[in-house]
Every structure is written in structure tokens, then in C-alpha cells.
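A, B, ... follow the sequence lines: proteins, then strands. Residue 1 opens every chain.
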Amino acid sequence: MKDESQFENQTSELPIQTRDGEFVAYYSRKGLCGLDFPDREVQQERKGNGAEITSEIQRWHEVTTRALENALAGRLVKELPPLDLSCGTDFQQRVWRVLKSIAGGKTLSYGEVADEIGARKAVRAVGRACGANPIPVLIPCHRVLASNQKIGGFSGGLDWKRKLLAREGVLLLE
DNA sequence: TAAGTGCGTCGTT
DNA sequence: AACGACGCACTTA
């Protein structure tokens with residue numbers, strides 16, 4: 001599944017104040033590797049372990065902060081920091097790559113995502129992979145709906161999913 | 001139509 | 001071996 005060296009496993013965490021509360025970003029040596037919603041229990045394994053906050057990470061964090069502000073406002077995200085998705089399996093990373101390609105205001109169904117990665121029938125597995133997305137909002141798993149524009153699920157809570165989609169102008173059925 | 005049931009399918013635990 | 005952030009076919013009312 002994963003095979004990270006101790007070195008790569010080091011992560012630092014930095015807060016991001018937004019109008020929706022304080023998010024927390026996690027960085028590995030390779031890039032942004034996690035993002036938590038406000039008021040969320042910090043997962044043990046992803047929690048920053050006191051790694052040094054390098055100037056490189058500070059630069060990434062500025063990019064992340066801008067990206068998050070834009071995303072939360074439903075605006076176009078122009079730039080993302082490097083992402084470290086090495087915590088995911090091959091399958092999950094393929095799914096997340098598709099999610100990144102969904103433009104703001106657009107949506108795909110779980111089935112369409114499965115199609116994109118050439119695993120048409122792995123629909124439910126795609127749902128699981130979405131739920132395992134370590135960087136919600138910036139990797140827009142909220143833009144994946146069930147068929148017929150129904151909302152589907154969201155690990156961060158359906159309220160967030162509805163809010164994010166509404167700000168992008170996506171109409172839901174329900 | 002709308003709402004409910006059953007089941008295939010497959011990555012993950 | 002069991003469980004989903006699904007999707008479809010197929011009842012019912």
C-alpha cells in the first residue's frame with residue numbers, strides 16, 4: 001500500500017484562518033499532504049509531528065491559503081502547491097487525479113469517475129476513494145454526485161458539500 | 001412518477 | 001468475509 005521512509009513521513013501543520021473557520025494544512029517534504037475542516041478531530045497519523053517549517057513550506061502555505069480562500073468563495077483556483085498524495089493506493093491516486101480535473105461548477109457522477117479511470121464497474125470503490133481524499137475542497141471531491149444530480153455523501157458532512165456546491169452555482173436535486 | 005427492494009461489483013479493511 | 005459517499009433493474013402505489 002504505502003512505503004514511506006521515516007524521513008518522508010515527517011509532517012508539519014499550519015492553520016489557515018478563513019471566513020468559515022480555521023482549517024489546518026499538513027505538509028510533508030514533498031508538498032501539501034492533508035487538509036482538515038475546522039473543528040475537526042485531528043487524525044493521529046496525519047497530525048503534524050513537529051517537523052521543521054522550512055521556507056519552502058512557508059511558500060507552499062501561502063499558495064495553499066490563497067487557493068483555499070478562492071475555493072471557499074466559489075472562485076477559480078489558479079494555483080495549487082505541490083501535492084503529496086503518497087498516502088493513497090494506486091487506485092485512490094487515480095481517482096484523486098480525476099477529481100482534480102473537474103472544473104469549478106462542474107460535476108461528475110461516481111460512475112463517470114469510475115469510467116475515467118477505466119474501471120467502469122468499480123463505482124462503490126470510487127465512493128470509498130473519494131471518502132479517503134486527504135485534501136478536501138482543493139481536491140474537489142464535493143463535485144462528485146450520485147447519478148441524477150443527487151447529492152451522495154461527504155466525509156466532511158453533507159452541509160459542507162451543499163455549501164461548497166452552492167457557492168459554485170451547482171444545482172442539486174433532492 | 002416516486003419510493004422501496006434486491007443485487008452486481010470491487011477496492012479496502 | 002464484510003462493508004461502502006453507487007447504479008440499475010424491477011416492483012409497487
Side-chain angles (χ1 to χ4, degrees), chain A residues 1-6 8-9 11 16 18 20-26 28 30-47 49 64 67-68 70-74 77 80 83-174:
Chain A
M1 188 190 293
K2 49 194 143 181
D3 181 29
E4 294 138 327
S5 70
Q6 249 178 322
E8 285 178 334
N9 228 16
T11 57
I16 303 179
T18 76
D20 295 298
E22 179 180 296
F23 284 70
V24 182
Y26 301 88
S28 73
K30 296 196 263 182
L32 177 66
C33 61
L35 184 68
D36 277 344
F37 283 105
D39 304 319
R40 199 133 262 271
E41 296 290 325
V42 178
Q43 268 119 2
Q44 185 89 6
E45 71 173 339
R46 200 197 295 155
K47 184 174 183 177
N49 57 15
T64 303
L68 185 59
N70 283 326
L72 290 177
V77 172
L80 286 177
L83 305 184
D84 178 2
L85 300 179
S86 61
C87 68
T89 63
D90 286 349
F91 180 84
Q92 288 169 334
Q93 293 190 37
R94 291 208 310 274
V95 170
W96 299 339
R97 206 170 308 142
V98 173
L99 302 190
K100 276 207 296 175
S101 74
I102 311 178
K106 304 274 194 150
T107 62
L108 289 182
S109 68
Y110 294 95
E112 287 168 331
V113 174
D115 262 354
E116 290 277 324
I117 62 173
R120 185 171 231 119
K121 300 182 200 164
V123 180
R124 305 192 72 154
V126 165
R128 282 202 146 205
C130 290
N133 171 18
I135 312 179
V137 185
L138 298 184
I139 294 180
C141 55
H142 59 279
R143 297 189 187 131
V144 184
L145 306 182
S147 60
N148 306 327
Q149 304 295 108
K150 285 177 300 192
I151 180 121
F154 196 63
S155 56
L158 285 179
D159 287 345
W160 270 108
K161 186 168 184 176
R162 276 188 276 264
K163 187 190 297 188
L164 292 168
L165 289 170
R167 289 176 184 176
E168 296 179 4
V170 171
L171 267 43
L172 290 171
L173 242 52
E174 223 185 347

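Residues A:Tyr110 and A:Ala146 share a closest heavy-atom pair of CE1-N, 3.6 Å. Smallest separation of non-hydrogen atoms from A:Cys33 and A:Thr11: SG-CG2, 3.9 Å.
A salt bridge links A:Arg167 with A:Asp20: the closest approach of a Lys/Arg side-chain nitrogen to an acidic carboxylate oxygen falls below 4.0 angstrom.
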Just the atom pairs and distances: protein N or O near nucleotides 6-8 of chain B's N or O, under 3.5 Å.
residue, atom, partner, partner atom, Å
B:dG8, O6, A:Arg124, NH1, 2.9

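As rounded to whole Å, 15 Å separates atom P of B:dG11 from atom CD of A:Gln93. Taking atom NZ on A:Lys150 and atom C1' on C:dG7, their separation rounds to 8 Å, with Å as the unit. Whole-Å rounding puts the A:Gln92 CD to C:dG4 P distance at 16 Å. Look at CZ on A:Arg128: it is 7 Å from P on C:dG4, rounded to the nearest Å. Distance CD (A:Glu116) to P (C:dC6): 19 Å, rounded to an integer number of Å. Atoms CG (A:Asn148) and C1' (C:dC6) sit 11 Å apart, rounded to a whole Å. The separation between A:Ile151 atom CD1 and C:dC6 atom P is 12 Å, rounded to whole Å. Protein atom CG of A:Leu145 is 11 Å distant from nucleotide atom P of C:dC6, rounded to whole Å.
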Could you spell out the base pairing of DNA chain C in dot-bracket, with Watson-Crick or G-U pairs whose two distances are under 3.5 Å, [ ] crossing and | to another strand? ||||.||||||||
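Of the residues in residues 98-111 of chain A, those placing a heavy atom less than 4.0 Å from an atom of DNA chain C are A:Ser109, A:Tyr110, A:Gly111, in numerical order.
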Check the pair A:Phe154 / A:Trp160 against ring-ring contact (aromatic ring centres under 6.0 Å, His included), numbers first and verdict last. CA-CA 8 Å; A:Phe154 196 63; A:Trp160 270 108; 8.2 Å; no
Working note: A:Ile117 + A:Phe91, criterion side chain to side chain contact (heavy atoms under 4.5 Å, CB included); need CA distance, chi angles, decisive distance, verdict. CA-CA 9 Å; A:Ile117 62 173; A:Phe91 180 84; 3.6 Å; yes
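In this structure, A:Leu145 and A:Leu165 have side chains that are in contact, with non-hydrogen atoms separated by less than 4.5 Å. Inter-residue side-chain proximity for A:Arg143 and A:Glu168 is flagged as met; some heavy-atom pair is nearer than 4.5 Å. At least one side-chain heavy atom of A:Pro134 sits less than 4.5 Å from a side-chain heavy atom of A:Leu85. A:Arg162 has its side chain within reach of A:Leu158: a pair of non-hydrogen atoms, C-beta onward, lies under 4.5 Å apart. Counting heavy atoms from C-beta outward, A:Leu32 and A:Leu138 have side chains that approach closer than 4.5 Å.
Using a 4.0 Å heavy-atom cutoff across all strands shown, A:Ser147 reaches sugar-phosphate atoms only and no base atom.
Contact check, A:Thr89 against B:dT12: a side-chain N or O comes under 4.0 Å of OP1 or OP2.
Taking only side-chain atoms of A:Ala125, from C-beta outward, the nucleotide of C:dA5, B:dT12, C:dG4 with the closest atom is C:dG4. Distance from the side chain of A:Ala122 is smallest to B:dC10 among C:dG7, C:dA5, B:dC10. Residue A:Cys141 places its side chain closer to C:dA5 than to any other of C:dG7, C:dA5, B:dC10.
With rounding to the nearest 0.5 angstrom, the SG atom of A:Cys141 is 10.5 Å from the CD1 atom of A:Ile135.
More than 12 heavy atoms of other residues, nucleotides or ligands lie within 6.0 Å of NZ in A:Lys163, so this atom counts as buried by the packing criterion.
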